[in-house]
Amino acid sequence: SLCRWREKFRSYRGPPPDQPERVAMDLNCLRMESIASVERVAVIGAGASATAFLHYLSKELDDREKLPPEILVFDDSITFGPGYAYQADAAEQLFNGPVRAGSMFHDDPDDLWRWLLETAATSPDQIPSDLHIGPNAYLPRSIYGRYVHDRFAQALDRLRRRGCIVDLVKERVADVWREASAKYTIRSNSGALHTVSRVVFCTGNTPHADHYGLAGKTGYFGMPYPLKEILSDIPSDASVAILGTQLTGTDVAIGLCKRDHRGSIVLFSRSPELPVIRAQVSEYRLRHITQDAVSALQHRTPGGTSLRSLLRLLRREFLAGGDNWRHLFFGKHLDDGVLEYFRASLAAIMQPSHWQSVMIAMDEVIEECWNALSLSEKKRFQARYDRLWLSRRAPIPAPNAYKLYGYLASDRVRYQPGITAIAVDAVGRFSITYMQTSNPSNLMSTCDVDVIINATGPARDIEHDGRAG
């Protein structure tokens with residue numbers, strides 16, 4: 001399966017380590033001209049990335065006099081377009097950016113806002129009447145999923161009107177290999193074989209890593225979504241541990257509290273890092289870590305540049321706005337207490353955040369930065385920095401941070417860093433061992449819970465994700 005793909009594509013250097021909500025596609029990077037001229041293209045996955053790809057491919061066909069290709073889109077989802085990230089789910093799961101920053105298309109930043117206005121006029125029942133709508137509002141992910149679904153359908157319609165044959169194959173891809181003819185063969189789960197000239201991977205995130213070997217244990221949920229279904233399976237008096245304290249963990253904790261969960265709720269993590277809260281951002285033009293600057297690094301180091309070289313450029317970008325870059329990446333911890341941290345962070349969100357504006361502007365160069373790194377530097381980044389980077393790239397939406405602060409202040413939820421191990425006792429309960437980081441002696445303690453929900457984020461290695469086998 002996926003592990004075999006890695007063996008067969010040893011030269012593939014991988015996508016950027018993050019999955020930004022705003023999908024910015026680069027025509028030059030995707031080589032649309034060459035894709036538009038081949039006979040048959042396979043798109044594996046039918047979520048937000050596939051939607052953006054098909055959108056730009058349809059624009060390329062509009063602009064060029066070429067025979068349109070035949071396209072096979074593989075996905076075993078019930079609905080094509082929203083994908084895993086934006087499926088219909090609990091309303092408290094918010095898209096982690098305001099409407100004005102939520103367009104899927106880098107060359108049309110107002111597209112999401114325009115879709116909301118069109119939908120309100122033509123299909124008002126799709127938008128809940130109590131939902132606050134505005135350029136600075138945060139939408140439920142399920143509403144954003146409808147936007148992606150509509151744009152997926154729009155791209156298909158445009159392709160088909162141009163004469164392109166588009167087949168939606170509701171199957172999971174089991175294997176891909178390259179033939180001697182330089183074409184590719186795709187095998188789906190049913191055993192059907194498809195020969196194509198190009199393969200576009202839009203597979204999104206891997207399942208969450210099972211760090212403690214809990215797969216198959218009663219009471220363990222290896223994936224936190226669909227959250228609505230998982231929460232309905234948890235007894236209201238069960239003690240719950242949530243592994244992960246960032247965006248996904250926050251979604252789960254709020255979902256439990258909104259359903260009047262009576263049992264204890266603890267957000268566990270290995271590190272003392274606390275989540276960053278989305279502040280006010282503004283449009284920002286990169287001055288140092290630009291496409292030209294990254295291209296110059298690649299030219300000087302054709303074997304792949306170093307992480308340090310890219311970080312120097314990013315550091316200059318932060319310093320230009322007076323930001324202490326070390327504090328930004330290594331200062332969000334428990335020294336002053338959880339409640340004090342949230343109070344200070346929430347008080348600051350009304351002020352413009354230069355560094356968060358920089359991180360959003362990084363969308364335009366993130367892929368170039370990743371491709372510029374040598375393979376060894378990519379592995380170093382994945383091993384040491386990618387969780388930290390993702391937490392800064394995807395802050396918690398302000399409305400959910402406010403809710404979580406209230407639940408923390410009322411002791412309905414608590415944070416516990418320093419987790420070291422999880423065992424299952426004789427009666428099937430989970431025993432979590434953690435280090436008391438607030439204690440100078442770092443004494444070890446244990447906590448017994450009935451349910452564990454894995455919200456640690458996607459696995460970094462496809463061979464160590466949460467799938468059995």
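Quantities reported herein were computed from a predicted structural model and do not represent experimental measurements.
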Problem set entry | Test: Asp363 and Arg393 ion pair at under 4.0 Å | yes
Exercise. CD1 of Ile453 to CZ of Phe268: how many Å apart, nearest 0.5 Å?
Worked result: 13.0 Å
Problem set entry | Pairs meeting criterion salt bridge (Lys or Arg N to Asp or Glu O under 4.0 Å) with involvement of residues 216-226, two or more places apart | none
Problem set entry | Residue that, paired with Arg172, satisfies side-chain hydrogen bond (donor to acceptor under 3.5 Å, both in side chains) out of Asn189, Asp75, Asp76 | Asp76
For this session: Without swapping roles, check the side chain of Arg392 against the backbone of Met359 for a donor-acceptor pair under 3.5 Å.
Result: no
For this session: Only one of Val173, Leu193, Val176 passes side-chain contact (heavy atoms from CB on, under 4.5 Å) with Arg187; say which it is.
Result: Leu193
Exercise. Residues two or more places apart in sequence or in another chain: which of them pass ring-ring contact (aromatic ring centres under 6.0 Å, His included) with His149?
Worked result: none
Exercise. Can you tell if the side chain of Leu57 reaches within under 4.5 Å of the side chain of Val41, non-hydrogen atoms only?
Worked result: no
Exercise. Are the side chain of Glu317 and the backbone of Ile289 linked by a donor-acceptor contact shorter than 3.5 Å?
Worked result: yes
For this session: Please examine the side chains of Leu168 and Leu156, heavy atoms only from C-beta on, and report whether any two atoms are closer than 4.5 Å.
Result: yes
For this session: Supply the atom-to-atom distance Thr290 OG1 to His288 NE2, rounded to the nearest 0.5 angstrom.
Result: 9.5 Å
For this session: To the nearest 0.5 Å, tell me how far Ser345 OG sits from Ile277 CD1.
Result: 4.5 Å
Exercise. Any idea which heavy atoms bring Val73 and Ala46 closest together, and the distance?
Worked result: CG1-CB, 3.8 Å
Problem set entry | side chain to side chain contact (heavy atoms under 4.5 Å, CB included) involving Thr446 - partner list, sequence neighbours excluded | Ser431, Thr433
Exercise. Looking at side-chain heavy atoms only, is the closest gap between Ile186 and Leu72 below 4.5 Å?
Worked result: no
Problem set entry | Polar side chain donor-acceptor pair, Glu179 to Trp177, under 3.5 angstrom | yes
Problem set entry | Inter- and intrachain pairs under salt bridge (Lys or Arg N to Asp or Glu O under 4.0 Å), touching residues 411-431, at least two apart | Arg429-Asp450
Exercise. Under a 4.5 Å cut-off applied to non-hydrogen side-chain atoms, are Ser188 and Val169 in contact?
Worked result: no
For this session: Return the minimal non-hydrogen interatomic distance between Val43 and Cys202, and the atom names on each side.
Result: CG1-SG, 4.0 Å
For this session: Please report the shortest heavy-atom distance between Leu267 and Gly249, naming the atom on each side.
Result: CD2-O, 3.5 Å
Problem set entry | Crowding at NZ, Lys170 (>12 non-hydrogen neighbours, <6.0 Å) | yes
Problem set entry | 4.5 Å side-chain heavy-atom contact, Ser142 and Asp89 | no
Exercise. Taking it one step at a time, do Tyr407 and His261 satisfy ring-ring contact (aromatic ring centres under 6.0 Å, His included)?
Worked result: CA-CA 12 Å; Tyr407 295 138; His261 188 80; over 10 Å; no
For this session: Would you check if the distance from the ring center of Tyr405 to the ring center of Tyr402 is below 6.0 Å?
Result: no
Exercise. Can Leu139 and Tyr147 be said to form a side chain to side chain contact (heavy atoms under 4.5 Å, CB included), step by step?
Worked result: CA-CA 11 Å; Leu139 295 177; Tyr147 161 62; over 6 Å; no
For this session: Without swapping roles, check the side chain of Glu377 against the backbone of Ser306 for a donor-acceptor pair under 3.5 Å.
Result: no
For this session: Look up atom CG in Leu94 and atom CZ in Arg278, then write down how far apart they are to the nearest 0.5 Å.
Result: 12.5 Å
For this session: Give the intermediate values and the outcome of side chain to side chain contact (heavy atoms under 4.5 Å, CB included) for residues His211 and Leu243.
Result: CA-CA 10 Å; His211 296 288; Leu243 305 184; over 6 Å; no
Exercise. Run the side chain to side chain contact (heavy atoms under 4.5 Å, CB included) check on Tyr86 and Phe95 step by step: do they pass?
Worked result: CA-CA 9 Å; Tyr86 306 117; Phe95 182 81; 3.8 Å; yes
For this session: Using the side chain to side chain contact (heavy atoms under 4.5 Å, CB included) rule, take Ser239 and Phe430 through it: C-alpha gap first, then chi angles, then the decisive distance, then the call.
Result: CA-CA 10 Å; Ser239 52; Phe430 301 98; over 6 Å; no
Problem set entry | Thr301 backbone acceptor or donor facing Thr305 side chain under 3.5 Å | no
Problem set entry | Pairing residues for Asp323 by the side chain to side chain contact (heavy atoms under 4.5 Å, CB included) criterion, not counting sequence neighbours | Phe318, Leu328, His354, Trp355
For this session: Kindly indicate whether the side chain of Leu314, heavy atoms from C-beta on, has any atom under 4.5 Å from the side chain of Met362.
Result: yes
Exercise. Heavy atoms, side chains only, cut-off 4.5 Å: are Leu256 and Val252 in contact?
Worked result: yes
Exercise. Just by modelled atom types, is the Thr245 backbone N or O under 3.5 Å from a matching donor or acceptor in the Glu273 side chain?
Worked result: no
Show me the donor-acceptor pairs, under 3.5 Å and distance only, between side chains in residues 220-233 and residues at least two apart or in other chains.
{"from": "Tyr220", "atom 1": "OH", "to": "Asn454", "atom 2": "ND2", "distance (Å)": "3.1"}
{"from": "Tyr225", "atom 1": "OH", "to": "Asp251", "atom 2": "OD2", "distance (Å)": "3.2"}
{"from": "Ser232", "atom 1": "OG", "to": "Glu229", "atom 2": "O", "distance (Å)": "2.6"}

Problem set entry | Min side-chain heavy-atom separation Leu247-Asn96 under 4.5 Å | yes
For this session: Starting at CD of Glu364, measure out to CG of Leu286 and round the result to the nearest 0.5 Å.
Result: 4.5 Å
Exercise. Is a donor on one side and an acceptor on the other found under 3.5 Å between the side chain of Tyr284 and the backbone of Gln356?
Worked result: no
